[in-house]
Amino acid sequence: MRVILFTGKGGTGKTTCAAATALMAASKGIKTLVISTDPAHSLSDSFDVKIGPEPTEIIPNLFAQELDIYYSMRKYWGNLRSVMLQMFHWQGIDRKLSEEMSALPGMEEASAFLWIEKHYEDRVFDLIVIDSAPTGETLTLLTLPQATKWWTLRMFPIPKLAVRTFGSMFDLTTGIPVAKGYDELQEIMSKLEKVHKIFSNPEICSIRLVTTPEKMVIQEARRAFMYLQLYGFGVDAVIVNRILPDIDGESFFNNFIAKQDKYLSEIETSFHPVPILRINHFGEEVFGQAKLSRVSEMLYPDISAIDVFFKEKVINIYETAFGYNIDLSLPFADLSEIDIKTYSDEMVIDIGNRRKNLFLPKFLRFYEMKGYEKNGAKVTVKFEPKK
Ligand SMILES: Nc1ncnc2c1ncn2[C@@H]1O[C@H](COP(=O)(O)OP(=O)(O)OP(=O)(O)O)[C@@H](O)[C@H]1O
Ligand SMILES: [Mg+2]
């Protein structure tokens, strides 16, 4: 089974790309589910059909699902939430506050993960296309299993055996099924970890970053790219959407198009060697199957949408005895041609007359660059704590 997730800044075309990809796969006979995890759903607008909180077949081989937070929370967290609510309340916490506290952080996002785990286990679909929320939220979603573990350990900070023994005592004195809640939590945790494994396996899951040829959008894509690599997820393509065609003669858009060319080449160098896929501006909104088909033809002209386009890691950040190293893949450059500098949260790599900008993870602000060296195709940049 394959999972393809689209993310990018708000309004870049994630839903359009997800819908177009799913449509193309389904038309080739691949049983496909396109699922929207963004609470601001627009899959139904994109396909111009009504879509519900469970998978519904909209054309042969193509199923769509728009997650409904409350529906999913009731489905997956119902019992646990009620156990927690009773526990808080029993401990004397005000009812309203208990209600609020039992809506644990990340529960909404985790519900999306639990659906994906279910679909993965059911093996009904050959491909799951995820129309994800904008980059920030998607990164939170992808790091959720660790984050969830953190708060649950604080929720039930006693070993399992103790929960079992005390749990049954709780049951007797309070009537609250604590042990049941704990078991349910354990099950959810193991499911979340399983989904995390699926997402970080580049053979199964590809993340496609959607951008437009505009400064702020590219910045966000570059930042997301770095974090996705840092967390070990595979980005197999960068999609540049809404590219304006060249216009002969004087036009209101001349200036915009000149800038666009500059941004397009910046995208090429920033994400090299990740494949760049392009979609032209349609000159009108894109919805309905006919236009989505045209998008998919532009996106995947002579390639199959479900192939893995790229598997390597371009940036590898790892701990050393002195701090951290960043390995960059720069196969075609000599060390003498390379100049690397860091400015606050950015690393600027000059290779001859080309410039590659890379965002650094926030934590590296506490470290400074201590030189770099080249080994084969790799350049290793060293960071040590700031004095
Ligand atoms: N190539 C294109 N040419 C013209 N319009 C486009 C193109 N791609 C997308 N659009 C339009 O741009 C708008 C935003 O697209 P879309 O909904 O796919 O973006 P999104 O990234 O999912 O947005 P959000 O962050 O709000 O979920 C839509 O109205 C869509 O029809
Ligand atoms: Mg969308």
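As the structure is a prediction and not an experimental result, all values here were calculated from the model. Counting starts at 1 for both ligands and their atoms, following the listed order.
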- [ ] Among T380, N375, N316, find the residue that satisfies the side chain to side chain donor-acceptor pair (under 3.5 Å) test when tested with D327.
- [x] T380

TODO: Would you indicate whether the side-chain heavy atoms of V3 and V129 approach each other to under 4.5 Å?
DONE: no

TODO: Measure the shortest side-chain to side-chain distance between V235 and F310 over non-hydrogen atoms and say whether it is less than 4.5 angstrom.
DONE: no

Task: Contact list for residues 351-377, test ring-ring contact (aromatic ring centres under 6.0 Å, His included), sequence neighbours left out - done: Y324-F363, Y324-Y367

TODO: Give me the other members of the hydrophobic cluster that F322 sits in, counting Ile, Leu, Val, Met, Phe, Trp and Tyr linked by side-chain heavy atoms under 4.5 Å, directly or via other members.
DONE: none

TODO: Say whether D307 and Y300, considering side chains only, have a donor N or O and an acceptor N or O under 3.5 Å apart.
DONE: no

- [ ] Verify the distance criterion only: is there a donor paired with an acceptor across the side chains of E66 and S44 at less than 3.5 Å?
- [x] yes

- [ ] Would you check ligand 1 and list the protein residues that come within less than 4.0 Å of it by any heavy atom, ordered by chain and number?
- [x] G10, G11, T12, G13, K14, T15, T16, D38, N241, R242, I279, N280, H281, F282, E284, E285, V286

Task: Of the protein N/O/S atoms, how many lie under 2.8 Å from the Mg ion (ligand 2) - done: 1

Open item on the list: Would you say the rings of F225 and F271 are close, in the sense that their centroids are separated by under 6.0 Å?
Closed with: yes

TODO: Show your reasoning for whether side chain to side chain contact (heavy atoms under 4.5 Å, CB included) applies to E214 and F256.
DONE: CA-CA 9 Å; E214 288 160 301; F256 197 87; 4.3 Å; yes

